[in-house]
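Step one of this worksheet: look at the structure below.
Just so you know, these numbers use all the heavy atoms, side chains as well, and skip hydrogens, waters and symmetry mates.
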Amino acid sequence: MGVTWETIGRAAGISRQAAHARWGAAVRAILDRYGLGEPGGPVASDEDDLA
């Protein structure tokens, strides 16, 4: 959410590459849970669209 891997790595005492390797998949799973390359995934117009 606007924080760079460099900042995260520095806070954790590791490199940006190591931070991305360690937490990148978890962040991607949260932000792109439908695998569409968009944060949050699709937007349903109503509950029926979610079924």
Side-chain angles (χ1 to χ4, degrees):
M1 308 306 294
V3 179
T4 65
W5 286 114
E6 182 178 357
T7 301
I8 294 168
R10 189 177 310 128
I14 58 178
S15 70
R16 65 180 174 81
Q17 294 93 338
H20 184 267
R22 184 170 181 176
W23 296 299
V27 170
R28 191 169 31 261
I30 292 168
L31 295 180
D32 185 18
R33 64 183 175 180
Y34 299 107
L36 300 175
E38 299 176 7
V43 176
S45 61
D46 62 31
E47 292 297 316
D48 292 334
D49 288 343
L50 297 174

(request) List in chain and number order the residues that pass side chain to side chain donor-acceptor pair (under 3.5 Å) with R10, two or more places apart in sequence or in another chain; answer none if no residue qualifies. (result) E6
(request) Could you pull out the closest heavy-atom pair between I8 and A19, with the gap in Å? (result) CG2-CB, 4.2 Å
(request) Return the minimal non-hydrogen interatomic distance between W5 and W23, and the atom names on each side. (result) CH2-C, 3.9 Å
